[in-house]
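Lettering of chains follows the sequences in order, A, B, ..., and the numbering in each one begins at 1.
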Amino acid sequence: MDYEIIKTSVKSIEMTDEMKKSIIRNCKNITSKSVEITTQFKEKNKMFKHKYAKILIAAALVAVFAVTAGAIATFVMPKDLIPAEIESIKTVVDFENADKDSIKTVQKTFSNDEFTVTFEAIVEGKCMEKFFENENTIVTNGSDGVAVDKTYAVLTVKRNDGKPVLYYDENGLLPRDIGYRILIKGYMTNPSMLVDNYDISLCEEDNILYVACDITDANVFADEELYLAFTNKMVINYEIVEMDKNGNFSYAKDYDGIPALFDFELDSSKADHEKAAEYKASQPFFTFDEFQKLLAEEE
Amino acid sequence: MQYTSVRPADDIEQTVNKYSDMIFRICLVILKNSADAQDAVQETFIKYIQKAPAFESEEHKKAWLIKVATNKSRDMLRRRSRQIVSETKDLNLYIKSSESEPVIEILASLPEKFKTALMLYYVEDYKVSEIAEITGKSESVIKKRLQKGRKLFEEKYRKEFM
(Lines give C-alpha, C1' and ligand atoms only; values in the text may rest on other atoms or scores of the structure.)
Protein backbone atom coordinates (compact mmCIF):
# COMPACT_ATOMS: atom_id res chain seq x y z
CA MET A 1 0.00 0.00 0.00
CA ASP A 2 1.20 3.51 -0.79
CA TYR A 3 1.22 5.47 2.43
CA GLU A 4 1.89 8.70 0.55
CA ILE A 5 -1.88 9.07 0.64
CA ILE A 6 -1.62 9.84 4.36
CA LYS A 7 0.79 12.65 3.65
CA THR A 8 -1.22 14.28 0.89
CA SER A 9 -4.43 13.97 2.87
CA VAL A 10 -3.15 15.31 6.17
CA LYS A 11 -1.27 18.12 4.47
CA SER A 12 -4.57 19.31 3.05
CA ILE A 13 -5.66 20.36 6.54
CA GLU A 14 -5.23 24.07 7.17
CA MET A 15 -6.17 26.48 9.88
CA THR A 16 -8.32 29.42 8.91
CA ASP A 17 -6.69 32.85 8.84
CA GLU A 18 -9.02 33.93 11.62
CA MET A 19 -7.77 31.15 13.86
CA LYS A 20 -4.17 32.13 13.22
CA LYS A 21 -4.87 35.78 13.91
CA SER A 22 -6.59 34.88 17.16
CA ILE A 23 -3.62 32.78 18.29
CA ILE A 24 -1.14 35.55 17.46
CA ARG A 25 -3.31 38.12 19.24
CA ASN A 26 -3.56 36.01 22.40
CA CYS A 27 0.17 35.32 22.36
CA LYS A 28 0.99 39.00 22.03
CA ASN A 29 -1.32 39.84 24.93
CA ILE A 30 0.46 37.31 27.09
CA THR A 31 3.85 38.60 26.00
CA SER A 32 3.06 42.19 26.89
CA LYS A 33 1.75 41.10 30.30
CA SER A 34 4.86 39.01 30.87
CA VAL A 35 7.12 41.94 30.08
CA GLU A 36 5.16 44.12 32.46
CA ILE A 37 5.24 41.60 35.30
CA THR A 38 8.89 40.72 34.78
CA THR A 39 9.92 44.36 34.71
CA GLN A 40 7.93 45.16 37.82
CA PHE A 41 9.23 42.11 39.60
CA LYS A 42 12.88 42.87 38.82
CA GLU A 43 12.54 46.51 39.73
CA LYS A 44 10.89 45.74 43.01
CA ASN A 45 13.49 43.16 43.89
CA LYS A 46 16.27 45.59 43.06
CA MET A 47 14.73 48.19 45.31
CA PHE A 48 14.42 45.71 48.13
CA LYS A 49 17.94 44.44 47.84
CA HIS A 50 19.59 47.83 47.71
CA LYS A 51 17.41 50.20 49.60
CA TYR A 52 15.24 48.03 51.85
CA ALA A 53 12.49 50.22 50.59
CA LYS A 54 8.91 49.60 49.64
CA ILE A 55 8.40 46.37 47.80
CA LEU A 56 5.11 45.04 46.71
CA ILE A 57 5.07 41.59 45.24
CA ALA A 58 1.91 39.86 44.33
CA ALA A 59 1.25 37.13 46.83
CA ALA A 60 0.54 34.65 44.12
CA LEU A 61 4.02 35.05 42.74
CA VAL A 62 5.77 34.46 46.01
CA ALA A 63 6.03 30.87 47.09
CA VAL A 64 8.42 29.18 49.39
CA PHE A 65 11.32 26.87 49.67
CA ALA A 66 10.89 24.80 52.76
CA VAL A 67 12.24 22.22 55.11
CA THR A 68 11.11 19.50 57.46
CA ALA A 69 12.93 18.13 60.41
CA GLY A 70 14.30 14.63 60.49
CA ALA A 71 17.27 12.79 59.20
CA ILE A 72 17.82 12.29 55.50
CA ALA A 73 17.92 8.60 54.73
CA THR A 74 18.56 8.33 51.03
CA PHE A 75 20.60 5.41 49.82
CA VAL A 76 21.60 3.99 46.50
CA MET A 77 19.89 0.90 45.20
CA PRO A 78 22.10 -1.72 43.57
CA LYS A 79 20.56 -3.20 40.46
CA ASP A 80 20.01 -6.67 41.85
CA LEU A 81 18.98 -5.63 45.29
CA ILE A 82 15.63 -3.97 45.11
CA PRO A 83 14.55 -3.03 48.60
CA ALA A 84 11.26 -4.66 49.49
CA GLU A 85 9.76 -1.31 50.42
CA ILE A 86 9.98 0.04 46.89
CA GLU A 87 8.61 -3.09 45.28
CA SER A 88 5.40 -1.07 45.50
CA ILE A 89 6.46 1.09 42.57
CA LYS A 90 7.40 -1.80 40.28
CA THR A 91 4.08 -1.21 38.55
CA VAL A 92 5.41 2.01 37.06
CA VAL A 93 9.21 1.91 37.33
CA ASP A 94 11.49 -0.21 35.14
CA PHE A 95 13.79 -1.84 37.65
CA GLU A 96 15.34 -3.87 34.87
CA ASN A 97 16.78 -0.69 33.36
CA ALA A 98 18.20 0.48 36.66
CA ASP A 99 21.83 0.84 37.57
CA LYS A 100 23.23 1.88 40.91
CA ASP A 101 22.49 5.55 40.37
CA SER A 102 19.17 5.51 38.61
CA ILE A 103 16.82 4.76 41.49
CA LYS A 104 17.32 6.19 44.95
CA THR A 105 14.92 5.28 47.66
CA VAL A 106 13.47 7.97 49.87
CA GLN A 107 10.62 6.09 51.56
CA LYS A 108 9.09 8.77 53.67
CA THR A 109 5.44 8.75 54.50
CA PHE A 110 2.88 11.33 55.50
CA SER A 111 -0.56 10.26 56.75
CA ASN A 112 -3.68 12.02 57.89
CA ASP A 113 -7.21 10.74 58.42
CA GLU A 114 -7.92 10.55 54.73
CA PHE A 115 -4.69 9.97 52.78
CA THR A 116 -1.32 8.28 52.98
CA VAL A 117 1.33 9.89 50.80
CA THR A 118 4.69 8.19 50.37
CA PHE A 119 7.69 9.76 48.68
CA GLU A 120 8.96 6.47 47.30
CA ALA A 121 12.05 7.23 45.30
CA ILE A 122 13.96 9.51 42.99
CA VAL A 123 14.08 7.90 39.60
CA GLU A 124 16.02 8.77 36.47
CA GLY A 125 14.06 9.08 33.23
CA LYS A 126 15.48 5.93 31.69
CA CYS A 127 13.53 3.91 34.26
CA MET A 128 10.26 5.78 33.79
CA GLU A 129 9.18 4.58 30.37
CA LYS A 130 6.79 2.07 31.90
CA PHE A 131 5.07 4.89 33.77
CA PHE A 132 4.61 7.02 30.67
CA GLU A 133 3.69 4.04 28.50
CA ASN A 134 0.88 3.06 30.86
CA GLU A 135 -2.51 3.60 29.26
CA ASN A 136 -3.80 5.16 32.48
CA THR A 137 -1.06 7.76 32.71
CA ILE A 138 -2.17 11.36 32.54
CA VAL A 139 0.58 13.60 31.27
CA THR A 140 -0.45 17.04 32.37
CA ASN A 141 -0.48 20.08 30.17
CA GLY A 142 2.99 21.43 30.58
CA SER A 143 4.82 18.18 31.02
CA ASP A 144 7.12 17.05 28.27
CA GLY A 145 6.65 13.45 29.35
CA VAL A 146 9.52 11.08 29.87
CA ALA A 147 13.09 11.74 28.76
CA VAL A 148 16.20 9.82 29.70
CA ASP A 149 17.94 12.90 31.05
CA LYS A 150 15.15 13.87 33.41
CA THR A 151 14.86 13.24 37.12
CA TYR A 152 11.54 12.35 38.71
CA ALA A 153 10.29 12.24 42.27
CA VAL A 154 7.94 9.25 42.41
CA LEU A 155 5.23 9.28 45.05
CA THR A 156 2.26 7.10 45.83
CA VAL A 157 -1.02 8.40 47.21
CA LYS A 158 -3.66 6.14 48.74
CA ARG A 159 -6.98 6.86 50.32
CA ASN A 160 -7.13 5.23 53.70
CA ASP A 161 -10.61 3.87 52.92
CA GLY A 162 -9.23 2.06 49.84
CA LYS A 163 -11.30 4.05 47.34
CA PRO A 164 -9.85 5.55 44.14
CA VAL A 165 -7.79 8.69 44.64
CA LEU A 166 -8.59 10.54 41.43
CA TYR A 167 -12.06 11.71 40.66
CA TYR A 168 -13.60 13.27 37.61
CA ASP A 169 -16.09 16.08 37.43
CA GLU A 170 -19.45 15.86 35.71
CA ASN A 171 -17.82 16.55 32.34
CA GLY A 172 -15.39 13.71 32.73
CA LEU A 173 -12.54 16.13 33.30
CA LEU A 174 -9.86 15.58 35.87
CA PRO A 175 -9.66 18.56 38.20
CA ARG A 176 -6.12 19.87 38.51
CA ASP A 177 -5.88 19.79 42.24
CA ILE A 178 -2.50 18.28 42.93
CA GLY A 179 0.54 20.44 43.38
CA TYR A 180 4.15 20.24 44.43
CA ARG A 181 7.10 22.48 45.02
CA ILE A 182 10.78 21.87 45.42
CA LEU A 183 11.99 23.90 48.38
CA ILE A 184 15.43 24.92 49.57
CA LYS A 185 16.15 25.42 53.24
CA GLY A 186 16.43 29.03 54.29
CA TYR A 187 14.97 30.69 51.24
CA MET A 188 11.65 32.18 50.37
CA THR A 189 11.33 32.80 46.69
CA ASN A 190 9.23 32.43 43.62
CA PRO A 191 9.99 28.90 42.56
CA SER A 192 7.85 28.80 39.48
CA MET A 193 10.87 28.79 37.21
CA LEU A 194 12.52 25.97 39.07
CA VAL A 195 9.68 23.52 38.85
CA ASP A 196 6.02 24.16 38.32
CA ASN A 197 2.84 22.31 38.95
CA TYR A 198 2.39 21.42 35.35
CA ASP A 199 5.38 19.10 35.37
CA ILE A 200 3.39 16.48 37.23
CA SER A 201 2.11 13.24 35.72
CA LEU A 202 -0.34 10.82 37.26
CA CYS A 203 -1.17 7.15 36.90
CA GLU A 204 -3.75 5.35 38.98
CA GLU A 205 -3.66 1.56 39.19
CA ASP A 206 -5.68 -0.50 41.67
CA ASN A 207 -6.67 2.61 43.61
CA ILE A 208 -3.06 3.63 44.13
CA LEU A 209 -2.14 6.94 42.56
CA TYR A 210 1.43 7.00 41.28
CA VAL A 211 2.76 10.51 40.86
CA ALA A 212 5.82 11.52 38.86
CA CYS A 213 7.09 15.03 39.58
CA ASP A 214 9.72 16.32 37.19
CA ILE A 215 12.46 17.70 39.47
CA THR A 216 15.23 17.84 36.87
CA ASP A 217 15.82 21.55 37.28
CA ALA A 218 16.45 21.12 41.01
CA ASN A 219 19.63 19.16 40.27
CA VAL A 220 21.76 22.31 40.18
CA PHE A 221 20.85 22.77 43.87
CA ALA A 222 21.77 19.17 44.71
CA ASP A 223 24.20 20.08 47.47
CA GLU A 224 21.67 22.19 49.33
CA GLU A 225 19.00 20.91 51.73
CA LEU A 226 16.03 20.15 49.55
CA TYR A 227 12.43 19.45 50.34
CA LEU A 228 9.37 18.43 48.41
CA ALA A 229 6.07 19.99 49.41
CA PHE A 230 3.17 17.97 48.06
CA THR A 231 -0.49 18.75 48.48
CA ASN A 232 -3.94 18.39 47.01
CA LYS A 233 -4.07 22.06 46.04
CA MET A 234 -2.77 23.71 42.93
CA VAL A 235 -0.98 26.59 44.59
CA ILE A 236 1.69 26.36 47.24
CA ASN A 237 2.66 29.83 48.38
CA TYR A 238 3.85 31.55 51.53
CA GLU A 239 0.33 31.66 52.93
CA ILE A 240 0.34 27.88 52.98
CA VAL A 241 3.94 27.15 53.93
CA GLU A 242 5.73 29.31 56.47
CA MET A 243 9.46 29.65 57.19
CA ASP A 244 10.91 30.16 60.67
CA LYS A 245 14.06 32.10 61.52
CA ASN A 246 16.19 28.96 61.13
CA GLY A 247 15.00 28.49 57.59
CA ASN A 248 12.77 25.56 58.51
CA PHE A 249 9.35 25.31 56.98
CA SER A 250 5.97 24.05 58.02
CA TYR A 251 2.46 24.25 56.68
CA ALA A 252 0.22 26.94 58.13
CA LYS A 253 -1.70 25.71 61.15
CA ASP A 254 -5.09 26.28 59.60
CA TYR A 255 -4.15 24.71 56.24
CA ASP A 256 -6.97 22.43 55.11
CA GLY A 257 -5.14 20.49 52.37
CA ILE A 258 -2.71 17.56 52.61
CA PRO A 259 0.34 19.05 54.37
CA ALA A 260 2.95 16.59 53.10
CA LEU A 261 6.54 17.81 53.31
CA PHE A 262 9.51 15.54 52.65
CA ASP A 263 13.24 16.09 52.83
CA PHE A 264 15.32 14.36 50.19
CA GLU A 265 18.74 14.32 48.58
CA LEU A 266 19.79 14.52 44.98
CA ASP A 267 23.06 13.33 43.52
CA SER A 268 25.41 16.04 44.80
CA SER A 269 27.71 15.58 41.82
CA LYS A 270 24.97 17.23 39.73
CA ALA A 271 25.15 20.44 41.76
CA ASP A 272 26.09 23.38 39.59
CA HIS A 273 26.99 26.42 41.67
CA GLU A 274 27.22 28.70 38.69
CA LYS A 275 23.73 27.88 37.44
CA ALA A 276 22.35 27.90 40.96
CA ALA A 277 23.78 31.37 41.56
CA GLU A 278 22.46 32.50 38.20
CA TYR A 279 19.01 31.29 39.18
CA LYS A 280 19.14 32.92 42.57
CA ALA A 281 20.24 36.20 41.03
CA SER A 282 17.49 36.05 38.46
CA GLN A 283 14.70 36.40 40.97
CA PRO A 284 13.96 37.30 44.55
CA PHE A 285 15.52 35.00 47.11
CA PHE A 286 14.72 36.13 50.62
CA THR A 287 16.25 35.15 53.92
CA PHE A 288 13.98 35.08 56.96
CA ASP A 289 14.80 38.67 57.94
CA GLU A 290 14.39 39.99 54.43
CA PHE A 291 11.09 38.23 54.07
CA GLN A 292 9.78 39.59 57.36
CA LYS A 293 10.55 43.09 56.11
CA LEU A 294 8.78 42.31 52.88
CA LEU A 295 5.69 41.15 54.75
CA ALA A 296 5.78 44.23 56.95
CA GLU A 297 5.93 46.44 53.86
CA GLU A 298 2.98 44.61 52.35
CA GLU A 299 0.91 45.25 55.47
CA MET B 1 17.36 25.43 33.20
CA GLN B 2 15.10 28.11 31.79
CA TYR B 3 14.75 31.47 33.37
CA THR B 4 12.53 34.42 32.72
CA SER B 5 12.21 35.05 29.05
CA VAL B 6 9.87 36.76 26.71
CA ARG B 7 9.65 36.20 22.99
CA PRO B 8 9.55 39.29 20.80
CA ALA B 9 6.28 39.87 19.00
CA ASP B 10 7.70 39.40 15.52
CA ASP B 11 9.20 36.05 16.49
CA ILE B 12 5.81 34.87 17.75
CA GLU B 13 4.04 35.96 14.59
CA GLN B 14 6.65 34.35 12.40
CA THR B 15 6.58 31.10 14.37
CA VAL B 16 2.78 30.91 14.40
CA ASN B 17 2.62 31.56 10.67
CA LYS B 18 5.26 28.97 9.97
CA TYR B 19 4.14 26.14 12.22
CA SER B 20 0.48 26.60 13.14
CA ASP B 21 -0.87 24.57 10.21
CA MET B 22 1.45 21.69 10.99
CA ILE B 23 0.58 21.72 14.69
CA PHE B 24 -3.11 22.11 13.97
CA ARG B 25 -3.06 19.07 11.66
CA ILE B 26 -1.48 16.92 14.30
CA CYS B 27 -3.79 18.13 17.05
CA LEU B 28 -6.90 17.85 14.89
CA VAL B 29 -6.18 14.27 13.87
CA ILE B 30 -5.43 13.31 17.47
CA LEU B 31 -8.37 15.15 19.03
CA LYS B 32 -10.92 14.92 16.21
CA ASN B 33 -12.39 18.21 17.33
CA SER B 34 -11.44 21.62 15.96
CA ALA B 35 -12.16 23.63 19.12
CA ASP B 36 -9.95 21.36 21.20
CA ALA B 37 -7.30 21.36 18.47
CA GLN B 38 -7.28 25.15 18.40
CA ASP B 39 -6.92 25.20 22.20
CA ALA B 40 -4.02 22.76 21.98
CA VAL B 41 -2.34 24.92 19.33
CA GLN B 42 -2.86 28.03 21.45
CA GLU B 43 -1.44 26.35 24.55
CA THR B 44 1.53 25.11 22.57
CA PHE B 45 2.43 28.63 21.53
CA ILE B 46 1.84 29.95 25.05
CA LYS B 47 4.33 27.40 26.30
CA TYR B 48 6.65 28.51 23.52
CA ILE B 49 6.47 32.06 24.88
CA GLN B 50 6.76 31.13 28.53
CA LYS B 51 9.31 28.35 28.49
CA ALA B 52 11.40 29.93 25.76
CA PRO B 53 13.99 27.20 25.30
CA ALA B 54 17.20 28.02 23.50
CA PHE B 55 16.89 26.15 20.22
CA GLU B 56 19.95 24.77 18.52
CA SER B 57 18.32 24.93 15.10
CA GLU B 58 15.04 25.39 13.29
CA GLU B 59 14.62 21.60 13.27
CA HIS B 60 15.05 21.55 17.03
CA LYS B 61 12.36 24.20 17.36
CA LYS B 62 9.97 22.29 15.10
CA ALA B 63 10.51 19.06 17.02
CA TRP B 64 9.97 20.85 20.33
CA LEU B 65 6.69 22.34 19.11
CA ILE B 66 5.49 18.93 17.91
CA LYS B 67 6.44 17.37 21.23
CA VAL B 68 4.53 19.97 23.22
CA ALA B 69 1.52 19.82 20.89
CA THR B 70 1.25 16.02 21.02
CA ASN B 71 1.61 16.04 24.81
CA LYS B 72 -1.08 18.67 25.13
CA SER B 73 -3.39 16.81 22.78
CA ARG B 74 -2.81 13.56 24.62
CA ASP B 75 -3.52 15.28 27.89
CA MET B 76 -6.78 16.74 26.56
CA LEU B 77 -7.73 13.38 25.13
CA ARG B 78 -7.21 11.67 28.45
CA ARG B 79 -9.03 14.33 30.39
CA ARG B 80 -12.06 13.89 28.22
CA SER B 81 -11.71 10.13 28.02
CA ARG B 82 -14.82 9.60 30.08
CA GLN B 83 -16.87 11.71 27.76
CA ILE B 84 -18.50 10.27 24.73
CA VAL B 85 -16.97 12.20 21.87
CA SER B 86 -17.79 11.50 18.29
CA GLU B 87 -17.08 14.56 16.26
CA THR B 88 -15.17 13.31 13.28
CA LYS B 89 -17.45 15.33 10.99
CA ASP B 90 -15.83 18.40 12.44
CA LEU B 91 -12.61 17.39 10.72
CA ASN B 92 -14.05 17.95 7.31
CA LEU B 93 -14.41 21.69 7.77
CA TYR B 94 -10.64 22.06 7.60
CA ILE B 95 -9.79 19.59 4.86
CA LYS B 96 -9.28 21.31 1.54
CA SER B 97 -9.64 18.22 -0.62
CA SER B 98 -12.77 16.05 -0.45
CA GLU B 99 -10.75 12.99 -1.50
CA SER B 100 -8.71 13.35 1.61
CA GLU B 101 -11.68 13.22 3.98
CA PRO B 102 -12.09 9.44 4.26
CA VAL B 103 -8.33 8.92 4.58
CA ILE B 104 -8.14 11.39 7.43
CA GLU B 105 -11.21 9.90 9.06
CA ILE B 106 -9.59 6.49 9.01
CA LEU B 107 -6.35 7.86 10.39
CA ALA B 108 -8.17 9.85 13.07
CA SER B 109 -10.11 6.75 14.13
CA LEU B 110 -6.91 4.93 15.12
CA PRO B 111 -5.72 4.93 18.74
CA GLU B 112 -3.66 8.01 19.55
CA LYS B 113 -0.26 6.37 19.81
CA PHE B 114 -0.57 4.79 16.37
CA LYS B 115 -1.83 7.83 14.53
CA THR B 116 0.79 10.07 16.11
CA ALA B 117 3.57 7.73 14.99
CA LEU B 118 2.10 7.48 11.48
CA MET B 119 1.74 11.23 11.14
CA LEU B 120 5.27 11.99 12.29
CA TYR B 121 6.69 9.30 10.03
CA TYR B 122 4.66 9.76 6.86
CA VAL B 123 3.55 13.39 7.04
CA GLU B 124 6.43 15.12 8.81
CA ASP B 125 9.08 12.75 7.41
CA TYR B 126 10.77 12.03 10.70
CA LYS B 127 12.99 8.98 11.12
CA VAL B 128 12.17 6.36 13.74
CA SER B 129 15.01 7.60 15.94
CA GLU B 130 13.73 11.16 15.72
CA ILE B 131 10.17 10.12 16.56
CA ALA B 132 11.55 8.23 19.53
CA GLU B 133 13.23 11.39 20.73
CA ILE B 134 10.19 13.58 20.18
CA THR B 135 7.79 11.21 21.93
CA GLY B 136 10.19 10.12 24.65
CA LYS B 137 9.77 6.46 23.69
CA SER B 138 12.32 3.91 22.61
CA GLU B 139 12.97 3.16 18.94
CA SER B 140 11.61 -0.35 19.33
CA VAL B 141 8.35 1.03 20.72
CA ILE B 142 8.05 3.39 17.75
CA LYS B 143 8.75 0.60 15.27
CA LYS B 144 6.02 -1.50 16.85
CA ARG B 145 3.62 1.42 16.76
CA LEU B 146 4.32 2.04 13.09
CA GLN B 147 3.91 -1.62 12.28
CA LYS B 148 0.62 -1.93 14.15
CA GLY B 149 -0.57 1.48 12.94
CA ARG B 150 0.04 0.55 9.31
CA LYS B 151 -1.84 -2.71 9.79
CA LEU B 152 -4.84 -1.02 11.39
CA PHE B 153 -4.88 1.73 8.80
CA GLU B 154 -4.64 -0.70 5.92
CA GLU B 155 -7.41 -2.92 7.24
CA LYS B 156 -9.78 0.01 7.55
CA TYR B 157 -8.69 1.49 4.24
CA ARG B 158 -9.30 -1.77 2.36
CA LYS B 159 -12.66 -2.16 4.01
CA GLU B 160 -13.62 1.34 2.91
CA PHE B 161 -12.21 1.42 -0.62
CA MET B 162 -11.66 -2.11 -1.89
Nearest 0.5 Å, what's the CD1-CD distance between A:I23 and B:E43? 11.0 Å
Is the shortest side-chain N to carboxylate O distance from B:D125 to A:K7 below 4.0 Å? yes
Between B:D21 (side chain only) and A:E14 (backbone N and O only), is there a donor and an acceptor less than 3.5 Å apart? no
Is it the case that atom CD in A:E18 sees more than 12 heavy atoms from other parts of the structure closer than 6.0 Å? no
Could you report the tightest heavy-atom contact between B:Q42 and A:S22, atom names first, then the distance? OE1-O, 3.9 Å
Work out which heavy atom in A:M19 is nearest to a heavy atom in B:Q38; give both atom names and the distance. CE-OE1, 3.6 Å
To the closest 0.5 Å, what do you measure between CD1 (A:I13) and OG (B:S34)? 11.0 Å
Any chance NZ of A:K11 has more than 12 other-residue heavy atoms, nucleotides or ligands included, within less than 6.0 Å? yes
Using a cut-off of under 4.5 Å on heavy-atom pairs, state which of B:M119, B:E101, B:M22, B:E13 scores highest against chain A. B:E13
Aromatic plane relationship, A:Y3 with B:F153 - under 30° parallel, 30 to 60° tilted, over 60° perpendicular: tilted
Pair count under 4.5 Å, heavy atoms only, with chain A: among B:E124, B:R150, B:E99, highest is B:R150
Heavy atoms only: give me the nearest A:S9-B:S100 pair and the separation to one decimal. CA-OG, 3.4 Å
Which region of B:L107, side chain (C-beta onward) or backbone (N, CA, C, O), has a non-hydrogen atom less than 4.5 Å from a non-hydrogen atom of chain A, or is it both or neither? side chain
Nearest heavy-atom approach of B:N17 to A:K20 is OD1-CD, 4.3 Å
With rounding to the nearest 0.5 Å, note down the distance linking CG in B:L118 to CD1 in A:I6. 5.0 Å
B:F114 CZ: over 12 foreign heavy atoms closer than 6.0 Å: yes
With heavy-atom distances below 4.5 Å as the criterion, would you say the side chains of A:I5 and B:Y157 are in contact? yes
In the structure I gave you, are the side-chain heavy atoms of B:V103 and A:T8 within less than 4.5 Å of one another anywhere? no
Max heavy-atom pairs within cutoff under 4.5 Å with chain A, candidates B:T44, B:I23, B:I104, goes to B:I104
Separation of B:C27 SG from A:M15 CE (nearest 0.5 Å): 8.5 Å
How many angstroms lie between CD1 in B:I49 and SG in A:C27, if you round to the nearest 0.5 Å? 3.5 Å
Do A:T16 and B:Y94 come close enough that some side-chain heavy atom pair is under 4.5 Å? yes
